[in-house]
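Below, chains carry the letters A, B, ... as their sequence lines are ordered, and counting in each starts from 1.
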There are 2 protein chains.
Amino acid sequence: MSNPAPEGYDPHAYAPFAVTVDLAVFTVRDARLHVLLVERGQEPFRGRWALPGGFLLPRESAGDAARRELAEETGLGPGTVGALHLEQLRTYTDPDRDPRMRVVSVAYAALLPDLPEPRGGGDAASARWWDADAVGPLAFDHDRILADARDRIGAKLEYSCLATAFCPAEFTLGELQQVYETVWGVELDRPNFRRKVLSAPGFVQPVGGPPRRTGGRGKPAALYRAGDATALHPPLLRPPRTDASSSGTEGHDR
Amino acid sequence: MSNPAPEGYDPHAYAPFAVTVDLAVFTVRDARLHVLLVERGQEPFRGRWALPGGFLLPRESAGDAARRELAEETGLGPGTVGALHLEQLRTYTDPDRDPRMRVVSVAYAALLPDLPEPRGGGDAASARWWDADAVGPLAFDHDRILADARDRIGAKLEYSCLATAFCPAEFTLGELQQVYETVWGVELDRPNFRRKVLSAPGFVQPVGGPPRRTGGRGKPAALYRAGDATALHPPLLRPPRTDASSSGTEGHDR
DNA sequence: TTCTTTATAGTCACTCTGACTATAAAGGCT
DNA sequence: AGCCTTTATAGTCAGAGTGACTATAAAGAA
């Protein structure tokens with residue numbers, strides 16, 4: 001290494017950084033992508049909405065910190081939080097991203113089925129779900145993080161079984177298709193979607209017997225649960241964009 | 001945030017972290033994947049080989065630090081380093097990953113064409129290329145970082161135009177195919193590879209006129225240079241693994 | 001009942017892919 | 001020179017996958 005720590009290994013001399021995690025927590029509600037945001041109670045950006053997150057504790061990994069913060073913000077039990085999929089997105093290190101001090105932030109994305117409003121436990125008093133297309137300017141560089149998270153989630157739906165994380169334990173293929181359509185912002189052909197999902201080994205498995213979902217208007221649908229595969233073969237590719245809307249800014253840093 | 005900084009914003013109180021970058025720099029040489037390593041001159045892990053890297057300067061982003069370190073280790077000019085593709089992999093935050101102090105490290109991957117041995121400038125005196133399959137145990141958690149980097153590079157070859165970064169400015173399709181075969185560890189059918197590469201818009205563009213490569217034994221090949229596309233449509237999918245050699249720990253990143 | 005809605009089954013043409021064969025153009029040999 | 005080896009490039013062909021589409025089934029609503 002070219003900036004080796006000094007002989008005495010004094011952390012303060014070479015450790016002028018704070019480290020945080022930021023969480024982009026998504027759910028699909030009413031056929032819209034929603035993201036969990038918290039209102040800031042103090043400067044800077046007081047009153048603005050931000051991604052939930054916080055500082056790493058002294059002997060905590062970023063993944064552990066992300067799960068702890070998620071449990072605090074959502075009121076979910078540690079068991080639930082411990083089981084769900086947390087994906088590290090990337091790390092944001094712009095020297096000016098926090099006006100107070102030098103902060104690098106490790107961003108994570110999490111996917112949840114539709115849940116009741118977060119029970120404000122402690123500092124999560126002002127946490128709520130927002131339509132991901134209707135969030136105003138967020139605090140810090142969180143607009144950028146949110147955009148990167150949406151890109152990543154959309155891409156992962158293509159070749160991973162991640163979409164089931166948006167669904168409850170048992171779900172219909174219609175609900176699964178709704179997830180894809182909502183995240184991608186496109187409409188998919190129902191018979192074709194069905195054919196592809198069922199032909200991908202381990203993506204979903206039918207729930208035993210002939211159980212069917214109640215409540216809807218049309219013919220009841222068969223129920224499935226998530227299979228044991230994590231990768232999707234063959235992948236479920238997004239239809240090529242016609243023309244409009246291209247957001248992604250290929251891998252820069254800041 | 002749940003661990004807000006204190007009123008006075010004293011960096012030392014909430015900033016007990018050092019931040020480094022680690023670089024997985026790859027090249028293809030003699031049909032083998034090689035990685036740039038440096039020998040550690042001091043404890044811990046004195047005498048062990050490690051990924052190049054170092055501490056962030058006080059007002060430097062991780063990407064800038066990675067480019068600076070790369071220039072120092074390889075002896076490449078800042079112009080060259082500024083142009084090449086640096087991809088942020090992920091960030092490693094295990095509290096015990098560095099025995100000296102709490103260090104979080106942002107890992108980057110870089111791809112270079114085959115170059116002469118690194119000219120040891122300054123601390124790069126002991127930098128050299130290693131066959132990526134023959135590296136002993138590395139310092140810190142660098143074995144893990146290296147494995148993650150190889151996974152990521154292999155995955156990105158499928159749907160991005162990254163492979164041209166391993167090639168010189170002008171290259172033959174045979175050389176490009178060699179990159180894929182080396183990184184993936186498989187043999188590809190030459191006519192089929194050719195068909196796919198040429199049918200992907202913007203992947204490669206023929207060099208004007210009828211120039212042909214000299215030196216080899218067989219029929220001279222046409223030269224190409226990298227096109228202007230960054231994504232690959234349709235993707236160039238890896239053949240499904242027969243059975244042998246499974247290193248990957250499922251759930252890649254893309 | 002009839003209409004609307006959703007689920008599911010099936011068809012068909014087109015494209016892409018992998019496996020393969022054939023030909024061209026170079027250098028190395030004897 | 002003539003032949004062999006090597007590499008590049010062109011083309012063929014059957015099978016898998018895909019998008020677009022039609023048809024039928026099963027529920028609630030009007």
Length of the line joining B:Arg238:CZ and C:dG18:C1', which is rounded to integer Å: 18 Å

With sequence neighbours left out, what residues match A:Arg150 under side-chain hydrogen bond (donor to acceptor under 3.5 Å, both in side chains)? A:Asp133

Can you name the residues that form a side-chain contact (heavy atoms from CB on, under 4.5 Å) with A:Ala110, not counting sequence neighbours? A:Val25, A:Leu70, A:Leu84, A:Leu86

Could you pull out all residues at least two apart from B:Ala165 that satisfy side-chain contact (heavy atoms from CB on, under 4.5 Å)? B:Leu111

The helix from C:dT1-D:dA30 to C:dT30-D:dA1: angle between end helix axes, five pairs per end, rounded to 10 degrees: 10°

For B:His233, which residues count as a side-chain hydrogen bond (donor to acceptor under 3.5 Å, both in side chains) partner, sequence neighbours excluded? none

Taking only residues two or more places apart in sequence, or in another chain, which ones meet A:Ala83 in a side-chain contact (heavy atoms from CB on, under 4.5 Å)? none

Heavy-atom donor-acceptor pair, A:Tyr108 side chain to A:Gly63 backbone, under 3.5 Å: yes

Nearest-nucleotide comparison on DNA chain D, the residue closer to the 5′ end among A:Leu236 and B:Leu198: B:Leu198

Residues at least two apart in sequence or cross-chain that pass side-chain hydrogen bond (donor to acceptor under 3.5 Å, both in side chains) with A:Glu170, listed by chain then number, are A:Arg225

Mind running a 4.0 Å heavy-atom check of residues 175-197 of chain B against DNA chain C and sending the residues that fall below it, in number order? B:Asp189, B:Pro191, B:Asn192, B:Arg195, B:Lys196

Identify, with sequence neighbours excluded, every residue that meets side-chain hydrogen bond (donor to acceptor under 3.5 Å, both in side chains) alongside B:Thr93. none

Comparing nearest nucleotides in DNA chain C, the 5'-proximal residue of the pair A:Ala222, A:Gly218 is A:Gly218

Which nucleotide of DNA chain D is the first, and which the last, in the 5' to 3' direction, to come under 4.0 Å of a heavy atom belonging to chain A? D:dT18 to D:dG28

Apply salt bridge (charged side-chain N to carboxylate O under 4.0 Å, His left out) to A:Arg195 and list each qualifying residue two or more places apart in sequence or on a separate chain. none

Indicate every side-chain donor-acceptor pair of residues 184-191 of chain B with a distance under 3.5 Å to a residue at least two apart or in another chain.
from     : atom 1 : to       : atom 2 : distance (Å)
B:Trp184 : NE1    : B:Gly154 : O      : 2.9
B:Asp189 : OD2    : B:Asn192 : N      : 2.9
B:Asp189 : OD2    : B:Asn192 : ND2    : 3.2

